[in-house]
Amino acid sequence: MEKAYQPQQVEDRIYQYWLEIGAFDAEVNPAKQPYCIVIPPPNVTGVLHMGHALDETIQDLLIRLHRMKGYEALWVPGTDHAGIATQNVVEAQLEEEGLTRHDLGREKFVKRVWEVKDKHHRIITDQLKRIGVSVDWRRERFTLDEGLSRAVREAFVTLYEQGLIYRGARMINWCPRCGTGLSDLEVERELVPGHLWYIRYPEPNGGPGVVVATTRPETMLGDTAVAVHPQDERYKEMIGRTVILPLMNREIPIVADDYIDMEFGTGALKVTPAHDPNDLEIGQRHNLPSILVIDRAGKMTDETGPYAGLDRYECRKRVVADLQKQGLLERIEDYQHTPGRCQRCGTVVEPLVSTQWFVRMEPLAKEGLAAVDSGQVRFIPERWTKVYRDWLENIQDWCISRQLWWGHPIPVWYCNDCGEVTCTREDPTRCAHCGSENIQQDPDVLDTWFSSALWPFSTLGWPEETPELDYFYPTSVLVTGYDIIYFWVARMIMMGKHLVGKEPFSEVFLHGLVRDERGQKMSKSLGNAVDPIELMDEYGADAMRFALCQLITHGQDVTYSPDRMVGARNFCNKLWNASRFVIMNLADMQPVALESTQLSLADRWILSRHSRMLAEVQRQLDGYNLAQAAEAIYDYVWGEFCDWYAEIAKIDLYTDGDNSRRKTVQTILHTLLDEILRTIHPFMPFITEEIWQRLPHSGETISRQPYPQARERWRDEEAEAQMSVLQTAITQIRALRAELSISPGQPVNVTVIVPDEETMSLIASQQQAITSLARVEELNLATAPAKPPQAALLAVSEGMQICLHLPERLDIEEEIQRIRREIDELEKLRKRSVKKLQNSDFLNKAPAQVVNKEKEKLAEFDRDLQRLWDQVKLLSSISP
RNA sequence: GGGCGCUUAGUUCAGAGGGAGAACGCUACCUUGACACGGUAGAGGUCGGAGGUUCAAGUCCUCCAGCGCCCA
């Protein structure tokens with residue numbers, strides 16, 4: 001074995017091996033319990049980032065864990081066509097060539113998108129394999145493939161037939177750059193500095209009229225009213241009268257509406273029903289006409305007279321200038337406002353009334369709420385439930401049509417003769433209403449999230465009643481970031497309940513987002529994105545995975561930390577070398593039955609600690625506390641198995657003589673290492689497989705071995721307590737050595753004065769461990785009240801006095817000072833303890849157990865202090 | 001405006017009522033027959049601030065400040 005673990009020599013080979021033996025293949029298997037995760041499909045727009053690495057690591061951990069626990073574990077891989085995002089990538093490429101998608105035409109353009117999809121799909125697949133994902137590649141899906149397209153079609157037609165999908169003219173968000181309508185979720189709002197323009201609308205008779213305040217003066221060209229609050233004393237007289245809309249010279253009414261905020265601006269609101277959702281509602285309440293003044297390209301329409309054809313921002317400047325010229329611009333204030341921007345391209349969206357397809361969400365939202373209220377779906381961490389609920393309780397209809405070319409076509413045909421709509425599961429050749437063949441399909445495509453919403457069941461074969469769907473659905477858990485609760489999680493739950501009749505998963509584990517070292521969200525545009533591939537090149541996939549697991553705490557964002565990578569890489573190496581040590585000493589192993597063998601203190605102790613660790617890992621994993629589970633493993637492996645047990649084991653391994661001890665130790669080392677590897681495997685699959693293959697084993701792969709379980713019979717409180725005393729003694733001797741910088745090569749003599757016979761026999765039986773681990777030449781034992789030897793360094797702990805003989809070089813004054821410092825520390829603790837025990841409230845109200853513990857502590861402090869003072873006296877008496 | 005989260009060692013983060021923890025970094029000593037990606041021993045926190053509850057408060061409650069996010 002190499003002296004250091006070299007992941008690059010291992011990972012590829014191991015992954016190929018797994019594929020060869022079908023280690024990740026899952027089948028419908030009634031003999032086993034199913035455990036299923038469907039991957040949140042990465043977009044084929046780009047490459048995987050740290051957020052994916054985190055997401056996949058968690059899922060792989062859960063899948064591998066359950067596979068080992070005996071479940072039929074299926075992880076379904078796949079990718080998402082990511083409609084608008086992918087289309088934009090290709091459009092950006094074309095732009096560099098000086099072309100638009102219209103220059104190419106729809107067919108050629110879509111062909112080009114497929115090429116981009118293929119390229120990114122290859123990259124993503126390679127990246128996933130590097131991470132070590134144990135997905136069943138035979139079952140990979142793509143949101144635009146044939147089966148999923150059928151699912152989309154079925155879902156659309158079903159919802160249409162049920163009246164839950166409808167076509168209508170409604171206010172939507174329009175992105176002038178992408179040239180498509182968007183759903184509310186795809187609009188991001190950001191506070192930016194702007195202005196509030198105060199514009200006077202005079203009365204027809206030349207009276208002063210009213211002053212309105214607006215952040216978007218260009219929309220005034222489409223105003224059809226001014227609205228005031230009915231209780232507003234300032235305007236009571238004006239209600240029902242008219243004012244002249246400047247520039248357009250249109251006479252518009254003043255209406256009263258409760259919606260108006262009297263505090264904002266002048267309390268008078270210009271009403272533009274065609275370009276503001278609130279204005280639209282006011283318009284509907286007062287039967288106001290709606291005048292479209294901004295078109296889909298962001299240019300002014302013919303309705304705007306002299307401004308027709310101008311860009312909306314150019315028009316804003318001209319309107320302001322013209323108002324100023326006419327003396328109707330009263331003033332301009334600085335004002336922070338939040339214009340909506342297209343999530344994908346950043347362009348300021350235009351709210352406008354447009355005919356689109358919508359999903360009626362209210363009935364579906366009820367099903368979504370019921371799924372959570374009934375406990376069918378549980379969020380982890382629990383607090384996200386409220387976020388989910390709040391959204392569903394205030395749900396708006398979902399605009400699902402997109403004026404794009406990349407995506408699922410809308411399965412609707414319009415009849416050019418009778419004007420009716422035909423929506424069917426198979427492509428129609430004639431109108432379902434009049435039989436005319438003069439029909440044409442809707443040119444639009446569906447929101448990419450529509451197909452995503454079906455993912456957990458479409459990937460399992462729905463709408464076919466496949467055995468997979470029957471067996472694996474509902475899936476076990478969904479693992480994703482909290483940023484797509486609305487976009488994806490909620491919609492999957494609703495669609496699953498409604499279309500399949502069952503919730504798509506019983507648990508949702510929501511993790512945080514990955515941020516850079518300064519806490520900023522990682523993104524390509526900011527240039528702070530860390531490439532997981534580079535990390536894996538440098539530290540190895542296992543190290544990256546383990547580091548990510550250590551960083552995952554419930555729902556909290558994860559700050560990328562290279563230090564963690566180093567720590568995890570070192571842990572890999574530690575595991576590698578501990579294994580190397582065990583393997584080197586296993587050549588002549590003849591396993592013994594541990595139950596019927598005489599075990600040493602260290603043996604009993606490590607078996608107990610091992611079992612305790614397994615229980616803790618289990619407990620933490622059950623609660624999705626991955627960081628705590630990882631910590632439990634780390635602390636045990638490094639701090640107990642390596643630091644203590646392996647060191648003590650060397651005594652038996654390297655000492656000739658008692659062959660039965662060697663056999664026992666070999667058996668324990670092998671047994672525990674095997675279980676350690678299996679316990680860590682879901683976290684660090686590659687290194688554990690590599691080592692496991694080099695250990696005596698049966699079976700093809702560690703990934704299909706049973707997951708270790710804690711053994712109650714290995715628990716040994718007595719061994720743990722005794723070992724603790726031994727560890728204290730050794731640590732104290734080491735500390736005394738360090739105090740005087742005695743090099744490890746230099747042996748020392750030690751006297752341990754023990755408080756009782758029990759400790760005496762304990763220490764006596766562990767002489768070898770002490771002399772070996774603390775590098776002691778001669779170990780003397782005495783029972784209190786023996787006097788410590790003169791001129792010795794003294795430490796006091798667990799009732800023991802540990803004296804390090806140093807007859808020649810000891811500086812007595814310095815030693816007295818050192819002991820006094822120790823006394824000061826103890827004294828502080830003693831005082832606190834005394835104070836507590838003098839408090840009658842504490843004695844009366846605290847549980848007896850706590851009080852007793854405090855009393856014991858105080859007794860120990862007193863005893864230790866006494867001995868330290870004795871030593872000071874002793875040293876003082878011989879001081880020159 | 002409403003809601004959520006965070007504030008603990010130089011840095012990144014755990015801890016959720018009974019003597020402050022990890023990783024990395026730092027100091028000292030050490031190539032000890034698994035490992036210098038190592039060993040041993042250390043230094044380093046009035047747990048954001050102010051009140052309160054409690055015998056006991058990083059830990060529970062209230063308020064405040066700062067940072068971040070979501071929704072309107």
Side-chain angles (χ1 to χ4, degrees), chain A residues 1-6 184-185 188-189 261 278 338 381 383-384 386-387 390-391 394 482-483 485-486 512-513 515 517-521 539-540 543 546-547 550-585 625 627-628 630-631 634-635 638-639 642-643 646-647 649-650 653-654 669 673 730-746 772-775 828-830 832-833 835-847 849-851 853-854 857-858 861:
Chain A
M1 277 175 90
E2 300 285 339
K3 198 172 169 186
Y5 175 58
Q6 274 152 2
D184 296 342
L185 289 181
E188 293 179 340
R189 299 195 175 268
D261 175 7
N278 296 314
T338 53
R383 65 189 154 87
W384 293 111
K386 182 172 154 39
V387 175
D390 286 350
W391 189 64
N394 300 292
Y482 62 76
D483 55 332
I485 292 176
Y486 306 147
L513 313 178
R515 302 184 172 275
E517 289 167 275
R518 284 174 302 179
Q520 283 181 304
K521 198 167 166 173
Y539 303 106
F546 198 76
Q550 288 179 303
L551 289 168
I552 293 168
T553 54
H554 275 185
Q556 225 65 340
D557 284 349
V558 172
T559 306
Y560 166 72
S561 157
D563 285 349
R564 287 280 181 181
M565 299 294 153
V566 173
R569 192 267 321 264
N570 293 353
F571 181 55
C572 288
N573 196 243
K574 190 71 182 180
L575 181 64
W576 180 259
N577 274 290
S579 306
R580 201 159 76 102
F581 164 71
V582 173
I583 290 167
M584 283 167 70
N585 287 290
N625 298 309
Q628 279 95 313
E631 190 185 20
Y634 183 101
D635 289 347
W638 200 315
C642 292
D643 287 349
E647 291 305 320
K650 285 174 184 172
L653 290 174
Y654 296 155
L669 285 172
L673 179 59
I730 291 169
T731 303
Q732 290 288 9
I733 296 169
R734 286 166 170 172
L736 290 176
R737 301 183 64 118
E739 203 67 49
L740 280 195
S741 306
I742 302 167
S743 75
Q746 193 181 337
S772 171
L773 299 207
R775 304 207 159 248
K828 269 187 218 159
L829 294 172
R830 199 191 85 96
R832 194 148 68 180
S833 200
K835 204 176 154 193
K836 259 191 182 179
L837 288 165
Q838 282 172 349
N839 183 340
S840 58
D841 281 335
F842 174 72
L843 295 172
N844 294 332
K845 293 181 180 171
Q849 201 186 342
V850 174
V851 175
K853 201 176 152 199
E854 197 61 42
K857 264 157 51 179
L858 181 59
F861 293 148

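Lettering of chains follows the sequences in order, A, B, ..., and the numbering in each one begins at 1.
The backbone N or O of A:F581 sits less than 3.5 Å from a side-chain atom of A:N585, completing a donor-acceptor pair. Counting only distance, with no hydrogens or angles, the side chain of A:N394 and the backbone of A:D390 share a donor-acceptor pair below 3.5 Å.
Distance from the side chain of A:R580 is smallest to B:C35 among B:A41, B:G18, B:C35. Checked against B:C37, B:C69, B:G15, the side chain of A:R569 finds its nearest nucleotide in B:C37.
The side chain of A:K835 places no N or O atom within less than 4.0 Å of a non-bridging phosphate oxygen (OP1 or OP2) of B:C55. For A:K574 and B:G39, the shortest distance from a side-chain N or O to OP1 or OP2 is below 4.0 Å. In this model, the phosphate group of B:A14 is not approached by any side-chain N or O of A:Q550 to a distance below 4.0 Å at OP1 or OP2.
A search for side chain to side chain donor-acceptor pair (under 3.5 Å) contacts involving A:K650 returns A:E647, not counting sequence neighbours. Looking at residues two or more places apart in sequence or on another chain, you find a side chain to side chain donor-acceptor pair (under 3.5 Å) between A:N625 and A:H554, A:Q620. For A:K3, there are no side chain to side chain donor-acceptor pair (under 3.5 Å) partners, not counting sequence neighbours. Here A:F546 pairs with A:F571 under the ring pair (Phe, Tyr, Trp, His ring centres under 6.0 Å) rule; sequence neighbours left out.
Among the protein residues, A:Y486 comes within range of the sugar-phosphate backbone only, with heavy atoms under 4.0 Å from sugar or phosphate atoms but none that close to a base. Looking at heavy-atom distances under 4.0 Å, A:E647 makes contact with a base. In this structure, A:A627 reaches neither bases nor backbone, as no heavy-atom distance under 4.0 Å exists between it and the strands shown.
For A:R775 and B:U32, a side-chain-to-base donor-acceptor distance below 3.5 Å is present, hydrogens and geometry of angles not being considered.
Whole-Å rounding puts the A:D643 CG to B:C35 C1' distance at 11 Å.
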Taking protein heavy atoms under 4.0 Å as touching, what does nucleotides 24-29 of chain B look like 5' to 3' if B marks base contact, S marks sugar-phosphate-only contact and - marks none?
B-----
Can you run through RNA chain B from 5' to 3' and write each base as (, ), [, ], | or . depending on how it pairs? Watson-Crick or G-U wobble, both distances under 3.5 Å.
((((((((.[[[[.)..(..]]]].(((((.......))))).....[[[[[..)....]]]]]))))))).
